[in-house]
Number of protein chains: 2
Amino acid sequence: MQDKMQDKNKTQVLTKARTGLEHLIKTAGKSLTVAGTSVARRDDPLKVTGKLKYGADYPDEGFLYGKILRSPHPHALIKSINTKKAKELEGVVAVLTAEDVPGRNGFGAIIPDQPVICGDKVRFIGDGVALVAAESEKIAHEALKLIEVDYEPLPALFDPRDAMAEGAPKIHESGNLLSDDKMVKGDVDAGFAEADVILERTYQVPFLEHAYLEPDTTMARLQPDGVMLVEGPMQAPFTTRRNVAPVLGIPINQVRVRQIHMGGGFGGKEDSPIDIGCRAAVLAWHTGRPVKISLEREEITIQTAKRHPMIMELKVGAKKDGTLTAFQGVIYDEQGAYASLGPKIPPAGGSHVHAMVMMPGPYEIPNVKVDAYLVYTNHPYGGAMRGFGAPQVHIAHEQMMDELAAELGISAVDIRRKNAFKLGSATATGQVLNQSVGLRETLEACAERFDWDRRLAECGWVDQAKTKRRGVGVAMGWYRTSIGTNGDGCGAAVHVHEDGSVLLYSGITEMGQGAFTVLPQICAEELGIEPGDVRIVQPDTDLVPESGPTVGSRSTTLMGNAIILAARQVKESLLDTASMMLMVPTERLEARGRKIYDRENPGKSLGFAAVAARTMASGKRMIGQGWWTPPPPSLDGHTGQGSPYHVYTYSTHMVQLVVDVETGEVALEDYVAAFDVGKAINPKALEGQIEGGVAMGLGYALMEEVVLDHGVTQNPSLQGYLIPTMLDVPDIQPLILEVPNEMGPYGAKGIGEMPNIPATPAILNAIAHASGGRVSRLPADPEKVFWAIREAGGPPQA
Amino acid sequence: MQDKMQDKNKTQVLTKARTGLEHLIKTAGKSLTVAGTSVARRDDPLKVTGKLKYGADYPDEGFLYGKILRSPHPHALIKSINTKKAKELEGVVAVLTAEDVPGRNGFGAIIPDQPVICGDKVRFIGDGVALVAAESEKIAHEALKLIEVDYEPLPALFDPRDAMAEGAPKIHESGNLLSDDKMVKGDVDAGFAEADVILERTYQVPFLEHAYLEPDTTMARLQPDGVMLVEGPMQAPFTTRRNVAPVLGIPINQVRVRQIHMGGGFGGKEDSPIDIGCRAAVLAWHTGRPVKISLEREEITIQTAKRHPMIMELKVGAKKDGTLTAFQGVIYDEQGAYASLGPKIPPAGGSHVHAMVMMPGPYEIPNVKVDAYLVYTNHPYGGAMRGFGAPQVHIAHEQMMDELAAELGISAVDIRRKNAFKLGSATATGQVLNQSVGLRETLEACAERFDWDRRLAECGWVDQAKTKRRGVGVAMGWYRTSIGTNGDGCGAAVHVHEDGSVLLYSGITEMGQGAFTVLPQICAEELGIEPGDVRIVQPDTDLVPESGPTVGSRSTTLMGNAIILAARQVKESLLDTASMMLMVPTERLEARGRKIYDRENPGKSLGFAAVAARTMASGKRMIGQGWWTPPPPSLDGHTGQGSPYHVYTYSTHMVQLVVDVETGEVALEDYVAAFDVGKAINPKALEGQIEGGVAMGLGYALMEEVVLDHGVTQNPSLQGYLIPTMLDVPDIQPLILEVPNEMGPYGAKGIGEMPNIPATPAILNAIAHASGGRVSRLPADPEKVFWAIREAGGPPQA
C-alpha cells in the first residue's frame with residue numbers, strides 16, 4: 001500500500017523542484033496549453049487605470065443613505081428609545097428600531113444571533129440600536145445625534161476565561177460558551193511518560209483587522225415585482241441572500257444579491273455584507289426607496305468581524321532525538337459579542353474547529369489532546385480572516401517547535417525534518433494522508449534555495465557596536481482545501497456561443513485574488529480555446545448556480561472541478577458535431593488552440609467557432625452544467641477523530657532579519673517561501689498571492705493589533721492601526737512545487753490562505769534567533785521585542 | 001395503423017367536449033394539480049396599478065438621447081452628408097454616419113441587409129442616414145435638422161410584381177427577388193381535370209402595424225469591463241445580441257442583452273429591438289456614455305416591421321359533392337426595403353415559407369401547387385406579426401371555401417366537414433398528421449355552441465326598412481407550434497433553494513401573453529409545489545440559457561418541455577434525499593402540494609422545504625437544466641414536401657354580424673371560437689389570449705391598414721391608424737378542446753397566434769353572407785363594403 005501511495009504522491013516532482021524546474025512540471029497524462037501559464041490578470045488594467053468602479057463610486061440614483069446608531073456601552077439593557085426628534089429632522093425618511101424589522105430580527109453567517117436592530121440589550125460597543133435613512137449622509141449623521149436611548153449598563157466581560165467562569169453574566173441567553181470541542185488521539189499521558197523533554201508554553205494573539213482598502217458598501221432596492229435586490233462587494237452572496245430573506249420574512253427566491261467589484265476581502269467581506277445587507281434591505285423595505293449604506297473606516301474597525309484573539313496553552317513531549325511523543329493544547333478562542341463564523345458547523349466547519357484540528361501542526365504525533373473553547377465576550381466579534389483559525393495556532397506550534405529544538409540542542413530544521421507529515425502520515429484527527437503530501441519537499445526545497453546552513457552559520461552581530469544582530473527563522477504550515485461542512489459544493493455553467501465565444505457562470509467572487517483569471521483559464525483549457533474567449537460573469541444569485549462562499553481556499557479546486565464538468569458536457573455536443581463534419585470518431589478528436597482536429601491526422605481540422613455555429617444550428621445543447629462536491633468530511637463530535645478536509649496544501653518559509661537590540665526594531669532582509677500547491681494554474685498570479693500573504697503575516701508578527709480598552713477600540717482608523725507598507729516587506733522568493741492532488745483540477749489544491757500562515761511564526765522565530773527575545777503575546781512591536789530581550793537576560797553574546 | 005393513430009388522437013375527448021365538459025378533461029395517466037388551473041396572471045396587479053415600469057419610465061441616469069435622421073426618399077443615392085453644424089450644436093455629443101459603425105454595417109433577424117447607418121443609398125422613407133446623441137431629446141431633434149444630406153433620387157418600386165419585372169431597378173445588389181419557393185404535391189393539372197367546378201380568385205391584404213401600446217425603447221451602456229449592455233422590451237434578446245456583437249465588431253459573449261418589462265409585442269418586438277439596439281450600442285460605443293433611444297409613435301409606424309402585404313391568386317377545383325381535387329396558388333409577398341423575418345431559413349423558417357405551407361388551408365387536397373415570391377420594394381418592410389404569414393393566406397383560402405360552397409350550393413360548414421384535416425390526413429407538404437388533430441372536433445363543437453343551423457336559418461333583414469341585414473360566417477384555421485428551423489431549441493434551468501422556494505430561468509419573454517404565469521405553473525406542477533413558490537427571472541442573455549425567440553407559438557410547448565426536464569433533474573436529488581429520510585424507495589415517492597410522500601402510505605410524508613434543506617446540506621445538485629428541441633423539421637427545397645413543423649393547433653370560428661347595406665358599416669353580434677390546444681395549462685389566461693386575438697383579427701378585417709402613397713405613410717399616428725376599441729369587440733365565447741399532443745408538456749400545443757387567424761375570414765364571410773358584398777382587398781371598411789355590395793348587384797333580397 002505504501003508503494004501505491006508513493007506513486008500517487010509523484011515524488012519525482014521533488015527532483016525537478018530541486019533543480020529549479022518547478023514551472024516546467026506538467027500534470028501527468030495531459031499536456032496542458034492554457035492551465036499552468038501565467039495569463040495576465042484580467043482586472044489589472046481596469047484597476048491600475050482607475051476605471052473600475054467600486055460601490056462607493058456608484059452615482060447617486062436617488063439613494064437614501066443609511067446610518068447605524070451604535071451602542072456606546074459594551075453590555076447594557078435598552079430601557080427606551082425616543083426617535084421623535086430624529087424623525088422630525090428635514091431630510092430624514094425613516095428612523096427604525098427593533099420592532100420595525102419585518103421578519104426575523106437576527107442575522108449571522110452560521111447562527112442568527114446578531115440583531116439587525118438591538119431591541120432589549122446591546123453586547124458590544126458598536127452594536128446597532130437604530131437605523132436611519134436620510135436624503136444625505138450628513139443629515140443621517142445629524143439624525144443619529146437626535147435619537148435618545150436610555151441604557152442600563154450591565155457588567156461587561158473582556159476575557160474568555162472570565163466569561164467561562166461560573167456565575168459570569170450571560171451575554172446571550174444560551175450562555176457564554178459557544179463551542180466546546182475536543183480532539184483526542186492515542187493516550188496523551190502515556191505519550192508524555194515516554195518523553196525525555198516536556199515543554200509548556202502559552203502564546204497569545206490579539207484581534208486583527210482585515211484592513212481591506214475598499215470600505216464596505218451595500219445598496220438595497222425593492223423592485224416593483226417585490227424582489228429585494230441587494231448589491232455590494234461580497235465574498236458570499238448566497239449567505240447574504242440566505243439572511244436577507246428571513247429578516248424581511250420573504251422566501252429566498254424573492255431576494256437577489258448581486259456582487260459588484262471588490263477591493264479586497266481577506267475573509268472580512270464574508271459576513272459584513274450580511275450585516276449591512278440586512279440593514280439596508282430593512283430600510284429599503286420601509287421606505288420603498290433605494291438605500292445605500294457605506295461604512296466609514298472607523299465603523300469598519302468597530303463593527304465588522306475580526307481575526308479571533310486566542311490564548312493558547314501548549315504542552316509538548318519529545319524524545320532526545322526530537323521525535324514528538326505527545327501534544328496537549330487548550331485554546332481559549334474569544335468570539336466576542338456575536339457568533340459570526342466562529343462556531344462549529346458539523347462536522348468540521350467554523351474557524352474554531354479549524355483551529356483545533358490544525359493546532360498540533362503538520363507533524364506526526366501519536367498522542368494528542370486538544371480542548372478548545374469558543375467564548376462570547378463583550379468585545380467586537382471574531383469572524384473569517386485569511387487562514388481562519390490556522391494562523392493563530394501556527395504562531396503557537398511553530399514557536400514551540402523552535403523552543404523545543406533549542407531545549408534538545410538540535411536545529412530548527414532538523415526537528416521539522418524528523419516529524420513533518422509525509423505520505424501515509426496520520427494527522428491528529430487520525431486522517432491518513434494518502435496523496436499529495438509535499439510538506440517535506442517544501443522544507444528541503446526552501447532550505448536549498450535559502451541556503452539555510454550557510455546563512456545560519458553567518459548569523460550574529462551585524463555591527464561592531466553590537467546594536468544589531470542578524471538571525472534566521474523557519475516555520476512550516478498546512479492548510480485545508482474546502483471548508484469541512486457537509487454539502488460544500490460548487491456549481492458552474494458554461495455557455496458556448498455560435499461564434500465560439502463563451503460565457504462562464506460561477507458564484508465565486510473576485511476580490512483581488514485572481515479567480516476571474518484562473519477560472520476562465522480552466523474553462524479555456526478544457527474547451528481547447530484561449531482564455532480571452534471566455535468571459536466570466538459577475539456573481540449574482542439570480543444568475544449563477546449556488547457556489548457557496550469564496551473562502552476556505554476552495555475556489556480553484558471546487559469551482560475548477562465544476563467548470564471542467566460543465567465544459568465537458570457542452571464539449572460533448574461540439575465533438576459530436578465535429579465528428580459528423582470531419583467524419584472522424586469523437587474519441588479521436590482533440591480540441592486545442594481554437595481548433596478541433598483528428599489526433600491521428602492533425603491536418604484534418606475545423607475552427608472551434610465553425611463547430612460551435614454548426615452545433616447551434618443543429619439544436620444541440622450549447623450549455624454545460626457542472627456540480628462538484630468534495631468527499632464528505634467527517635469529525636467525531638466527542639473525539640475529534642475523522643477526515644475533516646479532503647486535501648491539504650503545505651508550505652515552509654525561511655526568513656533572515658536583523659533586530660536592533662537597543663530599540664527592538666526588526667528589519668527583514670530575505671525571504672523564501674516554498675509551497676506544495678498541487679498544480680499552479682497561473683504561476684504569476686500565485687506568486688502575487690504569496691507575496692501578499694507574506695506581507696500580511698509580517699503585519700501580524702510585527703505591528704497589527706486592534707487595541708481595546710474596556711471594550712473601546714483605541715485605534716479605529718488606519719492612522720492608529722498599522723499595516724505593513726512596501727518598505728516593510730523584503731524581497732520574497734516564491735518556490736512553487738507541484739505534488740498533484742488527484743481530486744483537483746489538473747492536480748491543483750487551494751492556496752489562497754496558505755501564504756500568510758507560516759510567515760508570522762517564521763519571523764518570530766528569526767527574532768528569537770537573532771536577539772534571544774521571544775514575544776509570546778503579539779504583536780512583536782519594538783517595545784515588546786525590547787522587553788523580551790531584557791527578559792531573556794539580554795541578547796546572545798556569541 | 002389507423003387504429004393506433006385513432007388511439008393517439010384520443011377522440012374520447014370530443015365526446016366530452018360536446019357535452020361542455022372541456023375544462024374537466026385531464027391528460028391521461030397523470031392527474032395534474034397546478035397545470036390546468038386558472039392561476040391568476042402574475043403581472044396583472046402591477047400593470048393595473050401602474051406600478052410596473054416600462055422602458056420610457058426609467059429615470060434619467062445620465063443618458064444621452066439617440067435620434068435617427070430618416071431618409072425622405074423611398075430610393076436614392078446618398079451623395080454627401082455634412083454633419084458639421086449639427087456637431088457644433090451645444091448639447092450634441094455625437095453625430096455618426098456610416099463610416100462610424102465599428103464593425104459590420106448591417107443587421108437583420110435573418111440576413112444582415114439593413115444598414116445601421118446608410119452609407120451609399122436609402123431604400124425606404126425612414127431609412128437611417130445619421131445618428132445623433134445629445135443631452136436631451138429636444139437637442140437631438142434640433143441636431144437632426146442641421147444635418148445636410150445630398151440625395152440623388154432613384155426610381156422607386158412599390159408593387160412586388162413591378163419589382164419582379166425584368167429590368168426593374170435593383171433595390172439590393174442581390175436583386176429584388178428575395179425568396180422564390182415552390183410546393184408541389186400530386187398533379188395539379190390532373191386534379192383540375194377531375195374537378196366539376198373550378199374557381200379562380202385574387203385576394204389582397206395591406207401592410208398592418210402591430211400597434212402595441214408601449215413604444216420601443218432601448219438603453220445601451222458600455223460597461224467598464226468592455227461589455228456592451230443593451231436593455232429594452234424584446235421578444236428575442238438572443239437575436240439582438242447576435243446582431244449587436246458583429247455591428248460593434250466584438251464577440252457575442254461581450255454583449256449582454258437584458259429584457260425589461262414589455263407592453264405588447266405581437267411579433268413587432270422581435271426585430272425592432274435589433275434595429276434600435278444596434279444603433280444605441282453604436283452611439284454608446286462612440287460616446288462612452290449610456291444612450292437611450294425611445295421611438296415616437298410615428299417613428300414606430302414608419303420604421304419598424306409590419307405584417308407583410310400579399311397579393312394572393314388562388315384556383316381551386318372540386319367535385320359536385322364538395323370534395324377538393326386541386327389547389328393552385330401564387331403569392332406575391334411584399335417584403336419592402338429589408339429582409340427582416342421574411343426570407344426562408346431552411347428548411348421551413350421565415351414568414352414567407354410559412355405562408356406558402358399554410359396557403360391551401362387545413363384541408364385534404366390530393367393535388368397542390370403553390371408558387372411564392374418574396375420581393376423587395378421601396379416600402380417599409382414586412383416582419384413578424386402574430387400569425388407570421390398565416391393570417392394572410394387564411395383570408396384567401398377561407399373566403400375561397402365559402403365562395404366555392406356557394407358555387408356548389410352546399411353549406412359553408414358542410415364543405416369544411418367534407419375536407420377538413422383529420423387524424424391520418426396528409427397536408428399539402430405531404431406530412432401525415434399522426435397525432436393530436438382536433439380540427440373537425442373544433443368545427444362540431446363550435447357549430448353546436450354557436451347553434452349554427454338555427455342562426456343560419458334566422459339570418460336576413462333585421463329591419464323592415466331593409467337597411468340592415470344579419471349574416472353568419474365560419475372560418476377554420478391551423479397553425480404550427482415551433483418555427484421550422486433547424487436547432488429550434490429551448491433551454492431552462494430550475495434552482496431549488498433550501499427553503500423550498502424556486503428560481504426558474506428561461507429566455508422566453510413576457511409581453512402580456514402570460515408566459516410568466518404559465519411557465520412557473522409547469523415548474524410547480526413538476527416539483528409538486530405551488531406556482532407562487534416559483535419566481536421566473538427576467539430574460540437576460542447573461543443569465544438564462546439560450547431559448548430562441550418568443551415567437552412561433554413555441555413558448556409553452558418547447559420551453560415547457562425544457563422546464564420539465566430541468567425540474568426532473570433537480571427532483572432526482574430531492575427524491576433521493578426524501579427516500580433516505582423516509583426510508584421509502586424513490587419510485588414510491590410522490591411530490592404534490594408542497595409535500596413528498598409515500599404513495600402507498602400517504603401519511604408518511606415530508607415538507608418540500610425540509611427535503612430541500614436536507615438536500616442542500618448534503619451537497620447534492622439543487623439545480624436542474626433542461627434542453628428540448630422539436631423533432632428536426634424537413635421541407636424539400638424543390639418540391640416543398642416534408643414535415644416542416646412538428647405539431648399543429650386547430651381552430652374554428654363562427655360569427656354573427658349585421659351589415660348596414662346603406663353605409664357599409666358592420667356590427668358584430670356574437671362570436672364563438674373553438675380551439676384544439678392539446679392541453680390548456682391555464683384556461684383563464686388562454687381565454688384572454690383568445691379574446692385579444694379575435695379583436696386583432698377583427699381589426700384586420702374591418703379597419704387596419706398602413707396607408708402608403710408613393711412610399712409615404714399617410715397615417716403614422718394612432719389617430720389615423722385605426723384599431724378596434726372595446727366597443728367594436730363582441731362578446732366572445734371561447735371553447736377549449738384538448739386533443740393531447742404527445743410531444744407537449746401535459747399534452748399542450750402552441751396557441752399564442754392561432755386566435756386571430758380564423759377571425760378575419762370568418763368576419764369577411766359573414767359580411768358576404770349578410771350583404772352579398774365580398775371584399776377581396778382589405779380592410780373591409782364601410783366604403784369598401786358599400787361598393788362590394790353594389791358590385792354584387794345589391795344585397796340579397798330574401
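All of these numbers come straight from a predicted model, not from anything done at the bench. We name chains A, B, ... by the order of the sequence lines, and we start the count at 1 in each one.
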side-chain contact (heavy atoms from CB on, under 4.5 Å) between A/E214 and A/M262: does it pass, once the steps are laid out? CA-CA 7 Å; A/E214 184 212 10; A/M262 178 157 35; 4.1 Å; yes
Is there a donor-acceptor contact under 3.5 Å from the side chain of A/K292 to the main chain of A/G55? yes
Segment of [X] engaging chain B (4.5 angstrom heavy-atom cut-off):
{"X": "A/V496", "answer": "neither"}
{"X": "A/Q254", "answer": "both"}
{"X": "A/D533", "answer": "backbone"}
{"X": "A/T615", "answer": "neither"}
{"X": "A/P59", "answer": "neither"}
{"X": "A/Q625", "answer": "both"}

Heavy-atom nearest pair, B/T517 first then B/A40, reads CG2-O, 3.5 Å
Taking every heavy-atom pair that is under 4.5 Å apart, which of A/I623, A/V544, A/V227, A/D542 has the most such pairs with chain B? A/D542
Contact leader toward chain B among A/I252, A/D43, A/T629, where contacts are heavy-atom pairs under 4.5 Å: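 Among A/I252, A/D43, A/T629, the one with the most close pairs to chain B is A/I252.
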Contact winner vs chain A - [options], heavy-atom pairs under 4.5 Å:
{"options": "B/R241, B/Q538, B/H495", "value": "B/R241"}
{"options": "B/G500, B/G487, B/P545, B/G548", "value": "B/G487"}
{"options": "B/A617, B/P630, B/A245, B/G489", "value": "B/A617"}
{"options": "B/R242, B/Q223, B/K53", "value": "B/R242"}

Verify side-chain contact (heavy atoms from CB on, under 4.5 Å) between B/D540 and B/Q259, making sure each step is shown before the conclusion. CA-CA 6 Å; B/D540 173 336; B/Q259 162 70 2; over 6 Å; no
N-O pairing of [X] and [Y] below 4.0 Å:
{"X": "A/R621", "Y": "B/E546", "answer": "no"}
{"X": "B/D44", "Y": "B/R41", "answer": "yes"}
{"X": "A/E231", "Y": "A/R221", "answer": "yes"}

Could you walk me through whether A/R535 and B/R256 satisfy the side-chain contact (heavy atoms from CB on, under 4.5 Å) test, starting with their C-alpha distance in whole Å, then the side-chain angles of each, then the deciding distance to 0.1 Å, before giving a yes or no? CA-CA 11 Å; A/R535 176 161 75 88; B/R256 177 177 192 173; 4.3 Å; yes
First locate atom CE of A/M559, then atom CG of A/L519, and finally report the distance between them rounded to the nearest 0.5 Å.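 With rounding to 0.5 Å, CE (A/M559) is 6.5 Å from CG (A/L519).
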Does any heavy atom of chain A fall under 4.5 Å from the side chain of B/T485, the backbone, both, or neither of them? neither
